[in-house]
4 protein chains.
Amino acid sequence: MSPKRIDRTERRRVILRAATEVFAARGYRAATMEEIAAAAGVAKGTLYLYFPSKEALFFALFERFADDAMAEGGADSETTNAVDAVAALLLQIAARIDADTVLVPLTLEFWSVAGVAETRDRFGARYGQMLDMFRGQITAMLRAGQRRGEVKEKLPLQPLASTLLGVIDGLIVQRWVDTELSVADTLREALPALMAGMRSGPGDARPAA
Amino acid sequence: MSPKRIDRTERRRVILRAATEVFAARGYRAATMEEIAAAAGVAKGTLYLYFPSKEALFFALFERFADDAMAEGGADSETTNAVDAVAALLLQIAARIDADTVLVPLTLEFWSVAGVAETRDRFGARYGQMLDMFRGQITAMLRAGQRRGEVKEKLPLQPLASTLLGVIDGLIVQRWVDTELSVADTLREALPALMAGMRSGPGDARPAA
Amino acid sequence: MSPKRIDRTERRRVILRAATEVFAARGYRAATMEEIAAAAGVAKGTLYLYFPSKEALFFALFERFADDAMAEGGADSETTNAVDAVAALLLQIAARIDADTVLVPLTLEFWSVAGVAETRDRFGARYGQMLDMFRGQITAMLRAGQRRGEVKEKLPLQPLASTLLGVIDGLIVQRWVDTELSVADTLREALPALMAGMRSGPGDARPAA
Amino acid sequence: MSPKRIDRTERRRVILRAATEVFAARGYRAATMEEIAAAAGVAKGTLYLYFPSKEALFFALFERFADDAMAEGGADSETTNAVDAVAALLLQIAARIDADTVLVPLTLEFWSVAGVAETRDRFGARYGQMLDMFRGQITAMLRAGQRRGEVKEKLPLQPLASTLLGVIDGLIVQRWVDTELSVADTLREALPALMAGMRSGPGDARPAA
DNA sequence: CATGAATGAGGTTTCATTCAT
DNA sequence: AATGAATGAAACCTCATTCAT
């Protein structure tokens with residue numbers, strides 16, 4: 001019924017998609033608004049009708065990225081063994097990274113832009129939020145596991161969660177330099193050995209019911 | 001006949017030091033040669049007497065960084081238990097990261113620059129070299145441990161090495177957003193639990209006793 | 001939907017005109033894009049919307065100059081005596097030089113830029129093309145004159161054409177140092193004496209009569 | 001007897017020779033003092049002990065060039081036929097141009113630099129001096145020829161001299177675009193035909209004795 | 001005398017942003 | 001709403017000139 005049949009939400013999405021490609025391929029600074037506009041099939045000026053500045057556009061991208069990542073959470077932490085559930089969460093994230101080729105360079109780019117003094121606050125806060133959420137989730141899963149006697153007591157849950165989560169980012173870095181490497185495959189092989197020590201063995205089982 | 005007495009090596013070092021600060025604080029693209037010159041206490045033109053271009057300067061920085069990191073190796077892998085030795089190597093790297101505040105943003109910046117199409121080859125190759133060296137070293141240490149019966153047989157050594165090494169980079173990312181976080185402290189707490197599963201337990205011990 | 005209405009061709013012309021002035025007055029290297037922009041009444045960046053580089057702008061100028069010069073040809077070579085026709089062609093070129101004051105310094109500048117190693121190929125080839133065309137035209141006119149019995153047989157047509165054409169460039173140089181000198185006037189006076197020897201005299205006339 | 005066995009005059013010559021090569025190959029603006037110093041086998045600073053500036057060095061080169069050219073004059077204008085003597089003078093200059101490969105680009109460069117507003121006065125005046133000298137010489141030779149009855153009366157001597165001299169410069173231009181072309185050969189072939197019309201024929205001979 | 005390291009003004013080019021249409 | 005021409009602030013890099021040794 002609107003005179004012009006233009007769906008602002010849809011066009012915004014198109015622009016964000018184009019920006020994703022361009023930022024991933026060229027980096028934040030090297031990417032030009034011209035390139036993004038061309039990739040989105042709109043004129044340069046149009047970008048400014050949807051995002052007030054280049055930085056805002058990049059930040060919007062980042063937010064969508066963070067939202068998506070955080071939606072990933074909420075797994076079946078109750079049904080399975082806690083250690084397996086944590087592994088499953090990590091593998092799920094890893095699979096998404098392997099599947100979407102722009103995620104690796106784009107993640108690198110987020111880190112870099114966020115490291116720059118001017119943008120540190122905006123980006124850093126948001127990224128920290130995301131990290132906290134994941135760390136919290138992992139910690140909670142492990143704590144639940146401890147309550148159920150699946151996970152050893154006396155484990156430094158916070159540092160463990162940080163480290164486990166870090167594994168993902170660490171493999172992202174290795175993936176950009178070695179495009180053959182599969183984050184998910186690597187994790188699938190390595191996690192069992194790494195997490196074995198967290199399971200409560202026969203000796204330290206709860207006195208049980 | 002006697003030209004001005006200048007220690008070119010020393011001056012080069014001063015410039016590299018200044019570049020380290022500026023690149024870390026502002027990022028590669030945002031950093032200007034003017035800023036670097038000012039930080040080094042020389043004129044803009046002088047930078048070009050030591051490095052032919054901005055990119056060359058950044059790459060030189062990266063090389064020195066890679067050299068330093070690789071010199072880190074050669075630990076006491078023979079004397080101690082292999083698992084402990086690997087942990088010690090990681091902790092040593094972690095300590096260096098905690099000690100030098102510019103290392104975190106600079107590392108992020110390396111990743112980002114290397115991810116950009118134009119520079120990917122130059123930087124990526126060098127970074128891959130460094131990663132390979134570390135992965136190789138960790139793999140070798142674990143394999144030696146297997147021979148000595150300290151490390152479980154049937155472990156996927158390559159993926160494990162990648163993952164363990166990745167832990168460092170993953171924590172660097174977290175450290176950048178949470179400057180309170182100590183990479184070394186986190187690792188010191190988390191590693192025992194993560195690596196416990198790699199040690200050969202009583203059950204799978206060598207015939208021995 | 002209706003973008004700003006701009007006559008790109010006209011604006012291109014304005015820029016070329018401004019560039020002509022500035023390059024003529026200051027020389028290729030000394031001329032700055034800033035100056036050219038100011039002379040054209042546009043901003044520096046605008047120049048780059050029409051020409052990708054300073055060199056391209058200069059080359060475009062050169063091409064237009066060459067095109068104009070070559071369009072000059074096609075005189076009334078059939079109706080008049082061949083020797084007179086050649087003289088008329090030279091005088092026509094000369095008149096254009098006298099009329100347009102920037103042509104002298106600009107021509108000097110073309111020569112100079114074309115002489116420099118880096119640009120020799122691009123500019124040299126184009127200039128050679130123009131020279132060849134003029135030499136060919138003069139040669140053809142004289143040959144036709146020979147067929148009609150107006151021009152002496154046994155003349156070295158190629159060298160003569162080169163030399164006659166060279167007279168123009170030689171006078172351009174003199175005009176540059178002596179702005180009073182009129183290329184056309186000088187030629188009008190000198191050519192009859194110089195070309196008299198090319199006309200077939202009574203002695204070497206065709207059997208005819 | 002002097003403590004240092006350095007002949008300033010000789011070193012000046014060496015620098016000028018090096019400058020000749022570099023200016024010819026790269027043009028005035030593109031040539032750097034660094035390159036000239038390297039070509040001369042001295043340090044950059046040393047150039048400034050002999051010439052106060054780049055422009056002064058180029059001008060010195062130009063002056064030497066002009067001096068050499070003017071020394072060329074004073075031929076055997078008395079002994080031979082005046083028309084032949086003029087032709088001989090032009091051929092002599094042409095031969096020198098063919099022999100010395102740097103003369104062509106260097107001449108072009110002189111013209112160009114002299115065309116630039118800032119240097120016009122210095123260079124232009126000197127160049128005009130040189131041209132005047134040659135024109136004067138040719139005019140004088142022809143006038144003497146008229147007195148001796150070798151040259152037609154009623155000839156526009158000034159324009160003729162300008163044009164004949166111009167032929168040289170015109171062929172220099174053609175030579176840079178066509179390095180095969182020999183200025184001397186071209187002139188040797190073309191001049192007889194061009195100058196034939198200046199000789200007093202049987203009909204217009206002086207009543208004479 | 002000679003050197004060559006250092007300087008910094010100045011040049012070309014890029015590109016985020018604005019705004020008339 | 002959309003366009004894309006125009007702007008002009010920066011940025012990288014060059015190089016003539018100076019001057020401490």
Side-chain angles (χ1 to χ4, degrees), chain A residues 2-6 8 11 29-38 41-57, chain B residues 1-8 11 29-37 40-57, chain C residues 1-8 11 29-37 40-57, chain D residues 2-6 8 11 29-38 41-57:
Chain A
S2 53
K4 279 292 179 193
R5 214 66 181 76
I6 285 143
R8 281 191 63 88
R11 178 154 283 191
R29 292 288 288 224
T32 70
M33 294 299 266
E34 185 80 52
E35 287 169 327
I36 295 170
V42 300
K44 220 184 328 178
T46 307
L47 299 182
Y48 287 86
L49 297 177
Y50 291 83
F51 301 94
S53 71
K54 186 185 178 185
E55 196 200 299
L57 171 54
Chain B
M1 281 297 162
S2 62
K4 218 173 290 186
R5 187 183 307 275
I6 288 293
D7 186 347
R8 285 188 63 86
R11 177 144 289 193
R29 293 287 286 233
T32 72
M33 293 300 264
E34 186 81 54
E35 287 169 331
I36 295 171
V42 300
K44 212 181 342 168
T46 305
L47 299 183
Y48 289 87
L49 296 178
Y50 292 85
F51 302 94
S53 69
K54 185 184 178 185
E55 196 200 300
L57 171 55
Chain C
M1 280 299 161
S2 63
K4 216 173 290 184
R5 187 184 306 275
I6 287 292
D7 185 346
R8 285 187 63 87
R11 177 142 292 191
R29 292 288 287 232
T32 72
M33 293 300 265
E34 186 82 52
E35 288 169 331
I36 295 170
V42 300
K44 216 180 341 170
T46 305
L47 299 182
Y48 288 87
L49 296 178
Y50 292 84
F51 301 94
S53 69
K54 184 184 179 186
E55 196 199 301
L57 171 54
Chain D
S2 52
K4 282 290 180 194
R5 213 65 182 76
I6 285 144
R8 282 190 63 88
R11 180 155 281 194
R29 292 287 287 226
T32 70
M33 294 299 266
E34 185 80 52
E35 287 169 327
I36 295 169
V42 300
K44 219 184 331 177
T46 306
L47 298 183
Y48 288 85
L49 297 176
Y50 291 84
F51 302 94
S53 73
K54 186 186 178 185
E55 196 201 299
L57 171 55

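Just so we're clear, the structure is a prediction, and the values are computed from it rather than from any experiment. Each chain gets a letter, A, B and so on, in the order its sequence line appears, and its residues count up from 1.
- Among the protein residues, C:Thr46 comes within range of the nucleic acid bases, having at least one heavy atom under 4.0 Å from a base atom.
- One interatomic measurement links the two molecules: CZ of D:Phe51 to P of F:dT18, which rounds to 16 Å at whole-angstrom precision.
- With hydrogens and angles left out, the side chain of B:Lys44 and the base of E:dT7 share no donor-acceptor pair within 3.5 Å.
- One atom, CD1 of D:Ile36, and another, P of F:dA16, lie 8 Å apart when rounded to the nearest Å.
- DNA chain F is contacted by both B:Tyr48 and C:Tyr50; C:Tyr50 maps to the nucleotide lying nearer its 5′ end (nearest heavy atom per residue).
- Here F:dA20 presents its P atom at 20 Å from CG of B:Asp7, a figure rounded to the nearest Å.
- Rounded to an integer number of Å, the gap from CZ of A:Arg11 to P of F:dA1 is 11 Å.
- Take the nearest nucleotide of DNA chain F for C:Arg8 and for B:Met33: the residue whose nucleotide is more 5' is C:Arg8.
- Between the side chain of C:Lys54 and the base of E:dT13, no donor-acceptor pair under 3.5 Å is found.
- Annotated stems with DNA chain E as a participant read E:2-21 with F:2-21, given as range with range, by first number; only runs of 3 or more Watson-Crick or G-U pairs under 3.5 Å qualify.
- A:Leu57 places its CG atom 14 Å from the C1' atom of E:dT17, with the value rounded to the nearest Å.
- Between F:dG8, E:dT17, E:dT3, one nucleotide has an atom nearer to the side chain of C:Ala43 than all others, and that is F:dG8.
- Between F:dT3, E:dA6, F:dA5, one nucleotide has an atom nearer to the side chain of A:Leu49 than all others, and that is F:dT3.
- Sequence order on DNA chain E of the closest nucleotides to A:Arg29 and B:Val42 puts B:Val42 first from the 5' end.
- For C:Glu34 and E:dT13, the CD to P distance is 13 Å, given to the nearest whole Å.
- D:Lys54 approaches D:Arg29 most closely through the heavy-atom pair NZ-O, 3.3 Å.
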Which pairs would a plain distance check flag for residues 43-50 of chain C, meaning a side-chain donor or acceptor within less than 3.5 Å of a matching protein atom at least two apart in sequence or in another chain?
| from | atom 1 | to | atom 2 | distance (Å) |
| --- | --- | --- | --- | --- |
| C:Lys44 | NZ | C:Glu34 | OE1 | 3.4 |
| C:Thr46 | OG1 | C:Ala43 | O | 3.4 |

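- If you measure from atom CG of B:Leu47 to atom P of F:dT14, you get 12 Å, rounded to the nearest angstrom.
- For A:Gly45 and C:Ala31, each mapped to the nucleotide of DNA chain E holding its nearest heavy atom, the one lying further toward the 5' end belongs to C:Ala31.
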Can you check side-chain contact (heavy atoms from CB on, under 4.5 Å) on B:Val42 and B:Arg11, steps first, answer last? CA-CA 10 Å; B:Val42 300; B:Arg11 177 144 289 193; 4.1 Å; yes
